[in-house]
Undergrad: 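Got a structure for you, questions after.
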Amino acid sequence: MDLGWYESVVGWLEFASQRLPELWLRTGQHLVLTGISTGFAIAIGLPLGLIASQKQWLKAPLLGVIGVFQTVPSLAMLAILLTLVGKIGFMPAAIALTIYALLPIVRNTVTGIEGVPPDVVEASRGIGMTRLQQLRMVQLPLAMPVLIAGVRTAAVVGVGIATLSAFIGAGGLGQFINRGLALSNTKLILLGAIPAAVLAVIVDGVIAATVWGVQPTRQSDSHRYLSKLKPIALALPFLLAAVVLISALRDRSPAAGRGVHTIRIGSKNFSEQLILGQLMAQMIEAHTDLRVDRRFNLGGTMICHEALASGEIDLYAEYTGTGLVTVLKRPVTSAADTAFEIVSKDYREAFELEWLEPFGFNNTFALTVRKSDAEQNKWRKISDLKSTAETLRAGFTAEFSGRPDGYPGLREEYGFSFAEVHDLEPSLMYRAVAQREVDVICAFTTDGRIGAYELQPLIDDRQFFPPYYAAPVIRAGVLDDHPEVKDVLDRLAGVLNNETMQRLNYAVDENGRLPKNVAREFLIERELIVDE
Amino acid sequence: MIVLNGVSKSFDRGRTYAVRELSLHVEDGETLVFLGSSGCGKTTTLKMINRLIEPTSGKIEVDGKDVTLQDRVTLRRSIGYVFQGIGLFPHYRVAQNVEIVPKLLNWPAKVRRKRVHEVLDLVGLPFAEYGQRFPDELSGGQQQRIGVARALAADPKYLLMDEPFGALDAISRDSLQQELKSLTKRLGKTIVFVTHDIFEALALADRIAIFHAGRMQQIDTPQNVLSAPATPFVRELFEKPARQLAAYQESR
């Protein structure tokens with residue numbers, strides 16, 4: 001008998017049970033985020049809906065504007081708010097979720113009020129209710145079922161969208177999904193996705209039960225005996241609030257000692273960044289008295305940069321080419337020394353940020369194909385693709401497809417385009433080419449999967465790709481307060497060449513090891529920290 | 001006494017008139033029935049009395065006071081109103097529906113409760129059995145009794161009734177008419193009652209005002225209206241049912 005599924009389920013449950021404290025914490029954060037934003041949305045949306053239901057001319061424009069907000073993709077919304085708010089974490093996430101929750105609440109308020117039977121409204125007027133009394137005593141209570149349906153929609157959608165908030169460091173169950181995606185770890189992804197789905201069902205159920213609980217019992221109810229359960233239904237929301245409160249209190253306790261002597265380290269959301277983040281964090285913890293707050297898995301370059309520039313984090317590892325092109329919007333340069341000089345100078349002047357000594361490796365792009373295809377077609381360098389490019393399918397990261405030193409510039413430099421270009425997650429790209437779903441990808445030269453999946457990077461014969469040497473970027477103010485941080489991080493200068501970085505990445509990406517342990521073993525091996 | 005003096009109402013800035021140059025008075029303690037077909041202006045006139053609709057011109061006085069000089073909300077609370085669509089509040093229990101106007105008038109809770117019992121007894125739906133029900137747990141006839149109870153709750157001197165029994169079956173309508181008649185005579189209420197039903201008008205009215213196309217054709221006691229119709233429209237109005245009855249008897 002095949003017990004494969006049974007074993008996977010048991011395996012996953014075991015995996016989950018080992019992470020119960022964090023699961024508890026993330027669930028709490030998730031609920032707080034969803035709860036507060038839904039609460040705000042009610043506080044804003046209900047009055048807006050009431051006004052719109054009274055003033056006909058206002059209705060269409062108001063619903064239109066809120067509807068437009070709704071169409072902004074979640075990640076774009078988070079990025080925009082990050083820039084506007086100038087902070088990462090809870091605030092921009094809560095604002096984004098509030099904006100998304102507005103539409104169902106406003107629209108259902110309007111629909112609910114308009115659905116109140118006109119003879120009842122006329123009666124309320126005719127017996128001498130003021131406008132406000134009509135609204136409060138008659139229209140609002142009768143619109144309530146529709147209104148509550150809107151709140152339920154908002155809350156359930158909120159639980160879903162809140163998973164994306166982890167991209168900007170707001171925590172929640174998305175943290176597991178995010179980390180799981182970065183590490184290609186399905187168990188981790190499920191650890192975020194399953195509880196989030198369960199949470200959505202629970203939240204919806206609790207609201208429904210509460211509404212049922214407050215409804216008066218009618219003589220004509222067919223199951224009147226069930227009404228004895230109403231006190232239990234009414235206790236559910238308090239139970240949920242208690243869960244949130246307890247987890248919020250737990251969340252606070254470890255951070256109680258957080259003060260000026262903490263270094264907050266950020267990272268983007270892929271393995272190499274997590275490893276670099278861990279290397280820097282463990283070095284600082286081992287050789288200074290400073291505490292380290294790890295704010296990893298932020299969703300992309302601009303989010304990391306905004307967070308650093310606004311002082312939400314103190315330090316993260318950036319690549320020279322990315323700093324040059326994505327952040328500074330400077331033209332591409334292929335000379336490594338020039339690139340480092342430019343970013344050092346411009347970052348200092350524009351943002352008061354310092355580039356420290358690079359780690360050594362150059363994680364640039366390489367157009368990469370299957371080794372078998374390369375041998376068969378005698379492809380060695382990028383120019384060799386020119387004659388067949390129009391029959392090839394490419395799979396690129398969204399970032400590569402968009403940036404000038406990515407596909408757009410490449411097309412111009414080499415003078416050819418691919419037949420199809422698919423936007424792929426970095427972690428899915430390698431599997432996609434290995435499984436022949438695409439033919440060409442934009443691999444990173446330090447990626448361990450190039451070897452493991454039998455892929456062949458093509459030589460950049462026109463030297464189009466700029467150098468991407470990774471180095472710590474730190475706020476100048478932090479260096480002034482804690483000069484020892486520079487000394488410690490300088491000890492990591494030049495210790496990682498491309499092959500070493502590939503090996504560390506492979507350990508995380510393919511062997512499923514934790515970045516924390518991979519980083520620790522490397523530091524011990526190089527005698528940079530002492531094994532205790 | 002309610003006095004209407006040269007009252008007109010146009011909904012389209014004077015192109016057409018729903019009510020035109022209407023003057024009449026309602027004596028204290030009498031039941032005046034507005035009779036006419038739909039669109040004749042009878043409901044518009046009724047609604048102008050408690051300012052659900054504002055007249056375009058003319059003057060309306062209730063108890064000698066110009067209604068336009070009174071606060072609309074206060075005015076409406078002092079006049080009982082029974083609605084065509086009944087208009088009970090579906091989310092309130094029967095007792096809550098009945099006590100709504102006393103509540104708006106800030107009567108003490110004890111007085112309110114006592115009054116709810118009294119009024120529910122008056123309309124024959126005792127509190128003990130019906131007070132805690134919701135409107136949709138009552139029959140149509142019972143619902144409109146509650147509508148009447150709601151209008152009577154604050155013990156208003158005047159009662160405006162807009163086709164209150166229009167949606168009921170003939171038997172409940174008949175019994176409600178009888179009850180209303182004895183009830184209001186006992187309580188001494190002044191009533192303006194709108195209907196398009198000739199027999200209902202004849203059964204309830206002390207006087208009948210017949211409306212046609214925004215103008216009042218005649219106002220008089222039922223006997224006088226029948227014996228001396230003032231216009232061809234009025235004669236036709238009362239002859240038609242008599243002819244129908246005769247034709248029916250012949251056909252048997």
Side-chain angles (χ1 to χ4, degrees), chain A residues 46 50 53-54 56 108-109 111-151 208 210-228 230 234, chain B residues 43 46-47 49-53 70-94 96-105 129-138 143 146-147 150-154 156 159-164 166-167:
Chain A
L46 186 63
L50 290 180
S53 69
Q54 306 296 308
Q56 277 300 315
N108 282 37
T109 305
T111 312
I113 295 284
E114 286 178 347
V116 177
D119 57 332
V120 175
V121 179
E122 180 175 53
S124 69
R125 215 154 70 87
I127 62 164
M129 286 189 184
T130 62
R131 193 78 182 262
L132 217 60
Q133 284 168 334
Q134 290 171 38
L135 205 58
R136 184 169 57 82
M137 301 170 78
V138 177
Q139 291 175 292
L140 208 50
L142 290 178
M144 205 47 85
V146 182
L147 218 155
I148 296 288
V151 172
T210 313
V211 170
W212 173 72
V214 296
Q215 261 169 7
T217 307
R218 310 165 77 96
Q219 286 189 343
S220 54
D221 278 351
S222 44
H223 301 292
R224 290 189 65 193
Y225 59 91
L226 274 180
S227 65
K228 292 207 174 66
K230 280 185 177 175
L234 284 178
Chain B
T43 295
L46 188 79
K47 286 181 175 173
I49 295 173
N50 78 346
R51 297 187 65 193
L52 280 172
I53 295 174
Q70 299 181 45
D71 174 52
R72 233 175 290 202
V73 168
T74 317
L75 176 76
R76 288 176 194 156
R77 287 175 189 173
S78 71
I79 299 175
Y81 202 117
V82 185
F83 300 85
Q84 188 170 12
I86 304 179
L88 293 180
F89 303 124
H91 58 304
Y92 284 168
R93 296 175 190 274
V94 163
Q96 291 171 308
N97 263 289
V98 172
E99 74 169 348
I100 188 76
V101 181
K103 205 169 172 183
L104 293 175
L105 291 168
E129 192 174 342
Y130 297 97
Q132 293 306 320
R133 295 201 190 175
F134 283 90
D136 63 3
E137 295 171 323
L138 301 177
Q143 285 182 24
I146 300 303
R150 179 173 65 179
L152 290 172
L159 217 50
L160 306 180
M161 308 185 82
D162 183 8
E163 302 203 33

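Protein chains get the first letters and strands the later ones, always in sequence-line order, with residue 1 at the start of each.
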Undergrad: So for B:L88, is it side chain, backbone, both, or neither that comes closer than 4.5 Å to the heavy atoms of chain A?
TA: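 Contact with chain A: backbone only.
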Undergrad: So which heavy atom on B:F83 is nearest to which on A:E122, and how close?
TA: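 What the structure gives for the nearest pair is CE2-O, 3.8 Å.
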Undergrad: Could you report the tightest heavy-atom contact between B:I100 and A:M137, atom names first, then the distance?
TA: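 Shortest heavy-atom contact: CD1-CE, 3.5 Å.
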Undergrad: Just do the side chain to side chain contact (heavy atoms under 4.5 Å, CB included) check on A:D119 and B:Q84 with the steps written out, would you?
TA: CA-CA 8 Å; A:D119 57 332; B:Q84 188 170 12; over 6 Å; no
Undergrad: Chain A heavy atoms under 4.5 Å from B:R150: which part of the residue, side chain, backbone, both or neither?
TA: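 The answer is the side chain of B:R150.
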Undergrad: In Å, rounded to the nearest 0.5 Å, how long is the span from CD1 of A:I127 to NZ of B:K103?
TA: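 One gets 11.0 Å once the value is rounded to the nearest 0.5 Å.
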Undergrad: List the atom of B:P90, the atom of A:L142, and the distance in Å for their closest heavy-atom pair.
TA: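 For B:P90 and A:L142, the tightest heavy-atom pair comes out as CG-CD2, 3.6 Å.
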Undergrad: Against chain B, label A:M144 side chain, backbone, both or neither, depending on which of its atoms sit under 4.5 Å from a heavy atom there.
TA: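 When you check distances to chain B, no heavy atom of A:M144 falls under 4.5 Å.
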Undergrad: Tell me, please, which residues at least two apart from B:S78 pass side-chain contact (heavy atoms from CB on, under 4.5 Å).
TA: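 Here no residue qualifies.
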Undergrad: Given a strict heavy-atom distance threshold of 4.5 Å, which part of A:Q215 is in contact with chain B: side chain, backbone, both, or neither?
TA: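 Neither part, no heavy atoms under 4.5 Å.
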Undergrad: So, using salt bridge (charged side-chain N to carboxylate O under 4.0 Å, His left out) as the criterion, who are the partners of A:R125 when residues are at least two apart?
TA: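 Partners of A:R125 by the salt bridge (charged side-chain N to carboxylate O under 4.0 Å, His left out) criterion come out as none, since no residue qualifies.
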Undergrad: For B:G87 and A:A123, work out which heavy atoms get closest and say how close.
TA: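 Between these two residues, the closest heavy atoms are O-CB, 3.2 Å.
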Undergrad: To check you understand the geometry: which heavy-atom pair defines the closest contact between A:G126 and B:R76, and what is its length?
TA: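 Shortest heavy-atom separation between A:G126 and B:R76 comes out as O-CB, 3.5 Å.
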Undergrad: Which atoms of B:L104 come close to chain A, meaning under 4.5 Å heavy atom to heavy atom: side chain ones, backbone ones, both, or neither?
TA: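 Side chain only.
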Undergrad: Which value, rounded to the nearest 0.5 Å, describes the distance between B:R77 atom CZ and A:T130 atom OG1?
TA: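 These two atoms lie 6.5 Å from each other.
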Undergrad: Looking at chain B, which one of A:G128, A:P118, A:S124 has the largest number of heavy-atom pairs inside 4.5 Å, strictly under?
TA: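 Option with the greatest count: A:G128.
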